[in-house]
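Reminder, nothing fancy here: chain letters follow the sequence lines and each chain counts from 1. Just so it is clear, the values below take in all heavy atoms, side chains as well, and ignore hydrogens, waters and symmetry mates.
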Number of protein chains: 2
Amino acid sequence: MADSKIENVIGALALAFADTLQRDAQAKAPEPGPAASAITLIGHVPGLSIERLRRALSLSHSGTVRLVDRLVADGLAARFSAPDDHRAVALRLTPLGETTCSAILSARQTGLASALAVLSSEELQEFGKLAAKLLRGLVSTEDHAYRICRLCNYSACLDCPVEAELA
Amino acid sequence: MADSKIENVIGALALAFADTLQRDAQAKAPEPGPAASAITLIGHVPGLSIERLRRALSLSHSGTVRLVDRLVADGLAARFSAPDDHRAVALRLTPLGETTCSAILSARQTGLASALAVLSSEELQEFGKLAAKLLRGLVSTEDHAYRICRLCNYSACLDCPVEAELA
DNA sequence: TGATGTATATGCTCCAAGCATATATTTTTT
DNA sequence: AAAAAATATATGCTTGGAGCATATACATCA
């Protein structure tokens, strides 16, 4: 029973953090829903294909195509043909898209940092260590890794535990 | 920069946990989206009004009314008139709704427990302690508390940090 | 070369979500 | 006490994102 309570607390915290994250990110995105994640994913993996994006976002194929259509119409992303596979599309951010991506990531960062501010430096280190251990236990496939990291600021994530687990 | 990395890890973990939670919960609900949370909230607060439910789910008013319509049509919930305020609706689960609610909560519990299984007992205690501290720092209003706890198993949550923070 | 599999695109339909508005009840103001 | 404002719910209307089915192009394998 004591364990159930811990699970409640951890689950509630995860929901609350995820709510904040998504709210902050979506506020800087052109539309609600998966657009913010799509932008940061393309930003991190220039040349990403629609199919990989689809799997990272857990969306249907047509839904992903339409989402990309809208990002392109908004001037945030562009389609190129992939050099290695002529069926595939290589997605890239436009300069405006890069700006939006940065705005999303820094909004996310700010919200997260303020939520974590109640912890002391030692507590934060300890919490992060345990979080990394949990994260390593969760990663399964590479697609799943993209999904988990869909709102991460990769430039700040040297030595990422998700990458470490995949390798 | 090291701090940014910790925030990445914690944010990614929160997203991953929230994904799992919502997936497990929605799998037992009659429809995707906020239905699972609505069922567990009504289960925990019998007599809940549509307006309070609306705020907990962060939905529009008409959206909430329609959601309740569907739950009623599915035989999971029922509308009664609130004894103290004759404008308001008092929502309650039917026996079938109670069954569904239990299924949602135990699916959520199972998924969460397996994700936490990589931690030792001491690590889990430590992680839970820090999570509770973070959670207390996040709670603002009573509506927000309902939102945070929207998928909690209240029967297992004696001494809830959210309640403690509100009081 | 032919057959199967994979990546993308698009017409179609559906349905959840929001807006505007209407009604009933409660609370506040005059 | 009557009038005005606020609150709770309900519903017609529209929109737009999401999935299904299908079509096309390219790739891979037999």
How many whole angstroms separate atom [atom1] of [X] from atom [atom2] of [N]?
X       : N      : atom1 : atom2 : value
A/Leu91 : C/dT8  : CG    : C1'   : 11 Å
A/Arg87 : D/dT28 : CZ    : P     : 6 Å
A/His86 : C/dA9  : NE2   : P     : 15 Å
B/Glu51 : C/dT25 : CD    : C1'   : 15 Å
A/Asp84 : D/dA27 : CG    : P     : 9 Å
B/Leu53 : C/dA17 : CG    : C1'   : 15 Å
B/Arg55 : D/dT7  : CZ    : C1'   : 10 Å
B/Ile50 : D/dA10 : CD1   : C1'   : 9 Å

Next on the checklist: Any side-chain N or O of B/Arg79 below 4.0 angstrom from OP1/OP2 of D/dA10?
Outcome noted: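 Indeed, a polar side-chain atom of B/Arg79 lies that close.
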
Measure across [X] and [Y] and return the closest heavy-atom pair with its distance rounded to 0.1 Å.
X        : Y        : result
B/Val118 : B/Glu123 : O-OE1, 4.3 Å
B/Ile39  : B/Pro30  : CD1-CD, 3.7 Å
A/Ala56  : A/Arg147 : O-NH1, 2.9 Å

Next on the checklist: When you measure only distances, ignoring hydrogens and angles, does the side chain of A/Ser62 come within 3.5 Å of the base of D/dC20 through a donor and an acceptor?
Outcome noted: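 Such a pair exists between side chain and base.
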
Checklist entry - Between D/dA18, C/dT8, D/dA27, which nucleotide has the shortest distance from any of its atoms to the side chain of A/Arg70? => result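 Side chain of A/Arg70 sits closest to D/dA18.
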
Checklist entry - When you look at NZ of B/Lys129, are more than 12 heavy atoms from neighbouring residues, nucleotides or ligands closer to it than 6.0 Å? => result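 No, the 6.0 Å shell around NZ holds no more than 12 heavy atoms from other groups.
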
Item to check | Chi angles and distances behind the salt bridge (charged side-chain N to carboxylate O under 4.0 Å, His left out) call for B/Glu142, B/Arg52 | outcome: CA-CA 10 Å; B/Glu142 193 177 347; B/Arg52 284 196 81 76; 3.5 Å; yes

Once you apply a heavy-atom cut-off of 4.0 Å, does [X] come out as touching a base, just sugar-phosphate, or nothing?
X       : value
B/Asp69 : nothing
B/Val65 : base
B/Pro34 : sugar-phosphate

Checklist entry - How do A/Leu67 and B/Arg66 order along DNA chain D: which one's closest nucleotide is nearer the 5' end? => result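 The residue mapped nearer the 5' terminus is B/Arg66.
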
